[in-house]
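Nothing fancy with the numbering, it's 1 onward along the sequence. What you see below is based on every heavy atom in this structure, not just the backbone, and it leaves out hydrogens, waters and symmetry mates.
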Amino acid sequence: AGSAGGGCAGGPGAGQLCCLREEGERCGRAAGNASFSKRIQKSISQKKVKIELDKSARHLYICDFHKNLIQSVRNRRKRKGSDDDGDSPVQDIDTPEVDLYQLQVNTLRRYKRHFKLQTRPGLNKAQLVEIIGCHFRTIPVNEKDTLTYFIYSVKNDKNKPDLKMDSGIH
């Protein structure tokens with residue numbers, strides 16, 4: 001858990017090395033802001049990728065190289081069932097992975113409460129991320145409508161709703 005240079009100053013992985021070991025050797029690359037979770041470890045172990053968490057690492061941040069490697073392995077797995085129609089692999093590759101570990105536990109709990117997700121009490125952050133991640137991936141998104149609304153909101157300054165309520169200062 002040294003402090004090698006690299007990474008963005010002040011970012012989650014700033015000044016730290018990637019927490020992974022590849023073929024027995026600790027990765028020497030600078031850690032970014034992507035986290036390594038048990039779910040990711042399980043999905044890559046099924047693909048026989050030879051990377052693992054270094055037990056001596058004091059954080060879960062990984063370098064951009066391993067982040068991209070993991071995403072490519074996971075996308076290959078997603079595409080397998082949809083090889084028969086040509087358009088779906090492109091859609092799977094473009095599907096971004098949301099890192100819910102970056103959220104605070106209170107935010108995860110509010111999400112759980114908002115969507116009325118049934119869970120047992122006293123879950124830790126990893127368990128909340130797992131449950132919320134499964135739910136989050138099931139929410140359908142109409143990309144065209146979402147982008148249209150986003151552009152409309154930006155053009156009409158609708159992206160700052162809280163500021164309009166604050167004592168008339170805009």
With S37, which residues qualify under side chain to side chain contact (heavy atoms under 4.5 Å, CB included), at least two apart?
-> R39, I40, Y101
Say you draw a straight line from CD1 of I132 to CZ of R109; how long is it, rounded to the nearest 0.5 Å?
-> 10.0 Å
So do R29 and H66 actually touch side chain to side chain, heavy atoms under 4.5 Å?
-> yes
Test log, rule side-chain contact (heavy atoms from CB on, under 4.5 Å), inputs C18 and Y61 = CA-CA 6 Å; C18 177; Y61 297 110; over 6 Å; no
Where the side chain of H59 meets the backbone of L17, is there a donor-acceptor pair that is under 3.5 Å apart?
-> yes
Please walk me through it: do I62 and I70 pass side-chain contact (heavy atoms from CB on, under 4.5 Å)?
-> CA-CA 10 Å; I62 61 176; I70 290 165; 3.9 Å; yes
So, the side chain of Q102 versus the backbone of N33: is there a donor-acceptor pair under 3.5 Å, distance only?
-> yes
Flag yes if V98 and I139 sit in one hydrophobic cluster, no otherwise; membership is Ile, Leu, Val, Met, Phe, Trp, Tyr, and two members link when side-chain heavy atoms are under 4.5 Å apart.
-> yes
Taking atom OG1 of T107 and atom CG of L100, what is their separation to the nearest 0.5 Å?
-> 10.5 Å
Is there any ring pair (Phe, Tyr, Trp, His ring centres under 6.0 Å) pair reaching into residues 126-146, and which pairs are they, with sequence neighbours excluded?
-> Y111-H135, F115-H135
Report the C-alpha distance between L108 and L123 in whole Å, list the side-chain angles of each, state the deciding distance to 0.1 Å, and finish with yes or no for side-chain contact (heavy atoms from CB on, under 4.5 Å).
-> CA-CA 11 Å; L108 296 170; L123 296 177; over 6 Å; no
From L53 atom CG to L20 atom CG, the distance as rounded to the nearest 0.5 Å | 6.5 Å
What distance do I51 atom CD1 and E25 atom CD have between them, rounded to the nearest 0.5 Å?
-> 15.0 Å
Taking every heavy atom of A30 against every heavy atom of C63, the minimum-distance pair comes out as O-CB, 3.3 Å
Spacing of CD1 belonging to I151 relative to OG1 belonging to T146, to within rounding of 0.5 Å = 11.0 Å
What pairs meet the side-chain hydrogen bond (donor to acceptor under 3.5 Å, both in side chains) rule with one or both residues in residues 114-131, with sequence neighbours excluded?
-> K112-T119
Checking side-chain contact (heavy atoms from CB on, under 4.5 Å) for the pair D99/V129: CA distance, chi angles, key distance, verdict?
-> CA-CA 9 Å; D99 187 6; V129 166; over 6 Å; no
